[in-house]
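Structure, as structure tokens:
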Amino acid sequence: MKPTIILEGLNPAQREAVELAEGPLLILAGPGSGKTRVIAHRIAYLVAEVGVHPYRIVAVTFTNKAAREMRDRVVALLGESAHSLMLGTFHSVCARILRADGEKIGIGRGFAIYDEADQQVLMRQAMADLEVDPRRFQPRAVLATISRAKSELASPAAYMQGVREYFYEVVARCYERYQALLEENNALDFDDLIMRTVVLFRESDEVLRRYQERFLHVLIDEFQDTNVAQYVLARQLAGGHGNICVVGDPDQSIYAWRSADLRNILNFERDYPNARVVYLSQSYRSTRNILDSAHAVISVNRQRKEKELWTEKGAGLPIAVYEAYDEAEEADFVAAEVQTLVTSGDRRHGDIAVMYRTNAQSRALEETLLREAIPYRLVGGTRFYERREVKDIIAYLRLVHNPYDRVSLGRVINVPARGIGQKTLAELDGWAASLEVPLYLAMQRVAEAVSREAPAGDEAAPHPLAPRSAKAVASFVALLEGLREEAGRLSLSSLVTSALERTAYRQYLLGQFDDGEERWENVQELLTVASEYDGLAPEAALLSFLEDVALVTDIDEYDERADAVTLITLHQAKGLEFSVVFIVGLEEGLLPHIRSYDDPAQMEEERRLCYVGMTRAKERLYMVRAFRRHLMGMSAANPASRFLKDLPSELVTRREAVQEEVEAVLRGPSRLRKEPAVPSEAAFAAGERVRHPRFGEGIVVSCTVTGSDQEVVVAFQGEAGIKKLLLSFAPLERIHI
DNA sequence: CGCCGTACGGTTTTT
DNA sequence: CCGTACGGCG
């Protein structure tokens with residue numbers, strides 16, 4: 001491989017970033033500056049020019065999708081030898097390390113990876129054990145706090161130390177119990193994957209040294225989104241040689257809520273004083289108008305360092321701002337523009353993306369696109385592996401692999417219904433606890449007793465169950481044991497098929513659900529995925545299938561080439577680019593999201609999110625808002641997003657649908673007449689500051705006329721939070737600034 | 001034990 | 001608006 005090919009077409013800064021083979025390197029890069037390209041070329045350069053075997057390189061990306069893209073690029077440059085590269089998310093890299101060496105810190109080889117739903121089940125269990133009221137302390141909130149602790153590498157004991165407030169004291173106790181339950185189930189949650197790997201490296205010099213010696217080069221993409229634990233891990237890996245290359249853009253940091261810590265970028269230069277810093281400031285993606293508008297939005301942030309970003313592209317088209325009446329009209333506008341772009345221009349559907357803040361917003365768009373017969377592809381949403389029927393089948397497979405997985409057992413012990421209800425389960429649980437054995441072992445004892453056919457009127461029954469329940473338990477144990485026996489010799493897809501047949505799962509779906517047919521199709525799709533593992537030895541197939549299911553959440557790879565409009569959240573859009581981008585829902589309360597109002601840091605993150613969305617566009621950017629929007633069944637009028645106001649007016653073309661037209665619409669015969677809430681009658685406008693004698697000061701989120709009264713939603717500072725108040729009862733006072 | 005109805009509560013972003 | 005939790009009935 002000649003360097004001319006690897007370095008071809010790179011600008012001087014990119015070239016420098018590729019060629020600096022030794023030592024720590026920090027690449028700070030704006031959107032569209034070719035970050036991914038630089039990493040891919042750097043890997044190729046290391047292999048082809050410096051002579052590093054790909055096996056000795058570890059490259060970390062933020063998503064699995066990015067990893068696939070990276071691999072494709074490297075393979076294009078180097079050929080098939082690139083496959084021995086260790087490439088993936090931090091989570092998948094750690095999973096592989098822990099599979100190989102986790103036993104040294106007591107993690108069983110076949111550990112399960114628990115997703116958010118599993119974690120909640122476990123947390124509820126922990127709270128029940130500790131007699132903590134889940135209404136007062138919401139499992140979600142407790143788990144989020146624990147996640148933050150883990151991402152800073154705080155063990156339960158360490159966390160307990162630093163706790164002052166009552167809430168955190170409760171969290172600390174839950175953390176301890178939750179962690180114990182995870183261990184009992186031989187399971188790790190996402191944060192454990194990172195934290196336990198760090199612990200493994202801390203506790204075993206031998207293991208750490210082995211990986212340090214194997215990985216001569218460490219590369220990390222999207223470095224602005226790493227958390228403390230991930231950064232510590234990266235430093236451990238690069239500890240010997242210091243060949244660590246990180247690439248990031250502080251302006252695109254949008255995962256602080258997931259404990260991503262921008263200080264990692266600052267600390268990098270402190271931790272590696274000899275680090276070289278390369279700036280990639282030329283954008284190859286967006287037109288100047290798009291770049292300038294995005295810059296106008298991001299430059300309002302105070303916690304930010306100004307940086308240069310330029311393009312050789314022309315000014316291009318102005319930003320199109322459109323104000324729709326409601327989300328239906330917003331979708332109509334998007335659909336109409338898409339039609340125009342495709343029929344009259346040279347755009348394909350696949351060149352176009354619609355981006356939004358919350359997944360719920362995709363609904364209105366989908367309805368319209370479906371009606372207008374515009375092909376679309378929804379990214380994310382209810383993810384495939386989160387569907388009930390898919391999770392059921394996976395729970396069976398997990399049990400086959402590890403019958404002591406209490407969460408999976410609880411999920412399917414009575415699915416399809418087989419006569420093991422809550423009462424039976426509670427008795428079993430109590431009995432297992434008194435014997436100090438796992439639930440499944442207790443069930444096996446019940447099954448044994450049943451098969452021995454204890455005579456009627458048996459004195460001292462070996463278990464507390466009624467004969468009927470005991471029989472049901474025995475047949476479940478027989479079902480699972482049958483599957484476990486098959487697991488050793490059948491291919492994965494045959495195993496799944498057997499599980500489906502033994503449980504009569506299809507009949508269950510069709511009989512139980514109105515959309516049973518559709519659900520069965522999802523099961524069929526899962527079967528297709530499973531069959532891709534048929535080439536592996538049975539045990540290995542099951543293990544890697546379960547791991548991929550837990551870590552690879554996107555299954556939509558194959559229809560990526562389909563020519564369809566992409567519907568995607570702003571978060572998921574990171575790293576992607578499209579010729580045409582619509583950002584919809586640019587309203588106060590949505591983008592920026594209402595949950596970010598009381599914290600300036602969070603507000604800055606919303607701004608970065610908007611920036612990320614805008615800079616996805618290559619040529620044409622639409623920014624759309626709706627005057628009214630239905631949220632959770634209610635309709636509310638929201639003012640335009642502050643981000644719209646920050647756009648330089650000379651770069652924008654505006655189409656007003658709202659002001660003049662709204663009243664005409666209300667007067668005329670329209671679907672909108674059903675809701676005669678007239679905003680001018682509202683006592684408060686969104687965004688106004690108000691005071692309440694009990695809740696203190698706050699900001700009006702919305703004010704809607706309901707019958708003879710008005711409903712005012714106020715986001716109060718401090719503990720009161722967001723409150724819905726009736727105007728006639730609430731003594732609200734306007735604060736004038 | 002399972003099914004069906006109703007009441008209620010929670011609502012961002014994701015590996 | 002959605003999904004879930006709970007209570008009463010077969």
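- When the side-chain nitrogen and oxygen atoms of T63(A) are compared with OP1 and OP2 of dT14(B), none of them lie within a distance under 4.0 Å.
- A centroid separation of 6.0 Å or more is found between the aromatic rings of Y611(A) and F643(A).
- Comparing S596(A) and F90(A) along DNA chain B, the residue whose closest nucleotide (by nearest heavy atom) sits nearer the 5' end is S596(A).
- Every side chain to side chain contact (heavy atoms under 4.5 Å, CB included) that P416(A) has, sequence neighbours left out, goes to Y396(A), R418(A), T503(A), Y505(A), Y508(A).
- Base pairing in DNA chain C gives the following stems of 3 or more Watson-Crick or G-U pairs, range against range and under 3.5 Å: B:1-9 with C:2-10.
- Checked against side-chain hydrogen bond (donor to acceptor under 3.5 Å, both in side chains), T226(A) has the following partners two or more places apart in sequence or in another chain: N264(A).
- Atom CD of Q361(A) and atom C1' of dC2(C) are 16 Å apart (whole Å).
- Stacking of the aromatic ring of Y255(A) onto the base of dT13(B) is not found under the criterion of centres within 5.5 Å and planes under 30°.
- Summarising the geometry, the separation between NE2 on H91(A) and P on dT15(B) is reported as 10 Å, rounded to the nearest angstrom.
- Out of dT13(B), dT15(B), dG10(B), the shortest distance to the side chain of Q138(A) is found at dG10(B).
- Atom CD in Q120(A) sits about 13 Å away from atom C1' in dG3(C), given to the nearest Å.
- When rounded to the nearest whole Å, the span between CD1 of I594(A) and C1' of dG10(B) equals 14 Å.
- Between E606(A) atom CD and dT13(B) atom C1' there is a gap of 8 Å when expressed in whole angstrom units.
- Under the 4.0 Å criterion applied to side-chain N and carboxylate O atoms, D251(A) and R304(A) are assigned as salt-bridge partners.
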Check the pair D249(A), K35(A) against salt bridge (charged side-chain N to carboxylate O under 4.0 Å, His left out), reporting the backbone distance first and the verdict last. CA-CA 10 Å; D249(A) 177 3; K35(A) 284 179 289 191; 5.1 Å; no
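- When the side-chain nitrogen and oxygen atoms of Q572(A) are compared with OP1 and OP2 of dT14(B), one or more of them lie within a distance under 4.0 Å.
- Using a 4.0 Å heavy-atom criterion, one finds that F62(A) contacts the sugar-phosphate atoms exclusively.
- The separation between I568(A) atom CD1 and dT13(B) atom C1' is 12 Å, rounded to whole Å.
- Distance check: D261(A) CG to Y231(A) OH gives 11.0 Å after rounding to the nearest 0.5 Å.
- One distance of note links CE of M355(A) with CG of L621(A); it measures 9.0 Å at 0.5 Å rounding.
- Following rounding to the nearest Å, I146(A) (CD1) and dT15(B) (P) show an atom-to-atom distance of 21 Å.
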How would nucleotides 1-7 of chain B be written as a contact map, 5' to 3', with B for base contact, S for sugar-phosphate-only contact and - for no contact, using protein heavy atoms under 4.0 Å? SSS----
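- One atom, CZ of R388(A), and another, P of dC2(C), lie 16 Å apart when rounded to the nearest Å.
- In terms of the side chain to side chain contact (heavy atoms under 4.5 Å, CB included) criterion, residue partners of L543(A) (sequence neighbours excluded) are, by chain and number, R99(A), H401(A).
- Of the candidates dT14(B), dC2(C), dT15(B), dC2(C) carries the atom nearest the R363(A) side chain, counting heavy atoms from C-beta on.
- With sequence neighbours left out, H593(A) forms a ring-ring contact (aromatic ring centres under 6.0 Å, His included) with no residue at all.
- Within the model, atoms CG of L609(A) and CD of Q602(A) stand 12.0 Å from one another, a figure rounded to the nearest 0.5 Å.
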